[in-house]
Amino acid sequence: MAYVLTVLFTILSAYYDASLLKKGKYFKDHTPRAIFRVFVLAAIAFIFNIHVLVTIAIFYLLFDTSLNIFWGKKWNYIGSTSVIDKLKLRIENKIKGFDMLLKITLFIFCIIYL
């Protein structure tokens with residue numbers, strides 16, 4: 001059930017953000033959203049007695065792709081405004097597919113070692 005709630009929360013978060021982005025409401029600061037999302041993921045982990053890093057890994061694996069699809073962008077689109085996106089773009093320009101490989105690797109690591 002924890003995994004279902006985590007996936008559902010991730011998809012709803014992506015859908016909500018995409019609806020704002022479609023209206024031209026871009027985020028100047030991602031910190032409040034990130035804190036809220038980590039809090040929810042930690043609550044899910046606590047309630048269902050799983051490691052919080054597993055819920056965060058699931059969120060990280062699914063959020064960007066879901067956001068891009070809901071927003072109408074290419075599924076592997078990487079933005080150019082957030083600090084993390086700028087870093088991803090620099091690495092992705094050197095190693096194609098790095099972002100997805102990193103996400104899958106972190107997810108597998110969490111499942112195996114936690």
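Counting from 1, the numbers follow the sequence of the chain as shown.
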- Item | Residue pair K103 / L61: nearest heavy atoms and the distance that separates them | CB-CD1, 3.7 Å
- Query: Does I50 belong to the same Ile/Leu/Val/Met/Phe/Trp/Tyr cluster as I112, with side-chain heavy atoms less than 4.5 Å apart forming each link?
  - Reply: yes
- Of the non-hydrogen atoms in N68 and K74, which two are nearest, and what is the gap between them? CB-O, 3.3 Å
- Keeping the roles fixed (side chain from K88, backbone from G79), state whether a donor-acceptor pair exists under 3.5 Å. no
- Message: Could you report the tightest heavy-atom contact between Y60 and L102, atom names first, then the distance?
- Response: OH-CD2, 3.7 Å
- Check the hydrophobic clustering (I, L, V, M, F, W, Y; side-chain heavy atoms under 4.5 Å; chains of links allowed) and say if Y3 and I104 are grouped together. yes
- Task: Could you tell me which non-hydrogen atom of F98 sits nearest to which non-hydrogen atom of I91, and how far apart they are?
- Result: CD2-CG2, 3.2 Å
- Heavy atoms, side chains only, cut-off 4.5 Å: are L89 and D85 in contact? no
- Same hydrophobic cluster for L87 and L67, using side-chain heavy-atom links shorter than 4.5 Å among ILVMFWY? no
- Message: For a 4.5 angstrom cut-off between non-hydrogen side-chain atoms, does E92 reach I78?
- Response: yes
- Task: Indicate the atoms forming the closest heavy-atom contact of F70 with A18, along with that distance.
- Result: CB-CB, 3.5 Å
- Taking the side chain as C-beta and beyond, is there a heavy-atom pair between T6 and L41 under 4.5 Å? yes
- Message: Which label fits F59 and F9: parallel for a plane angle under 30°, tilted from 30 to 60°, or perpendicular past 60°?
- Response: tilted
- Answer yes if I108 and L62 sit in the same cluster of Ile, Leu, Val, Met, Phe, Trp and Tyr residues linked by side chain heavy atoms under 4.5 Å apart, and no otherwise. yes
- Task: Verify the cluster assignment for I44 and V38: are they in a single hydrophobic cluster under the rule of side-chain heavy atoms below 4.5 Å apart?
- Result: no
- Nearest heavy-atom approach of T55 to V52 is OG1-O, 2.7 Å
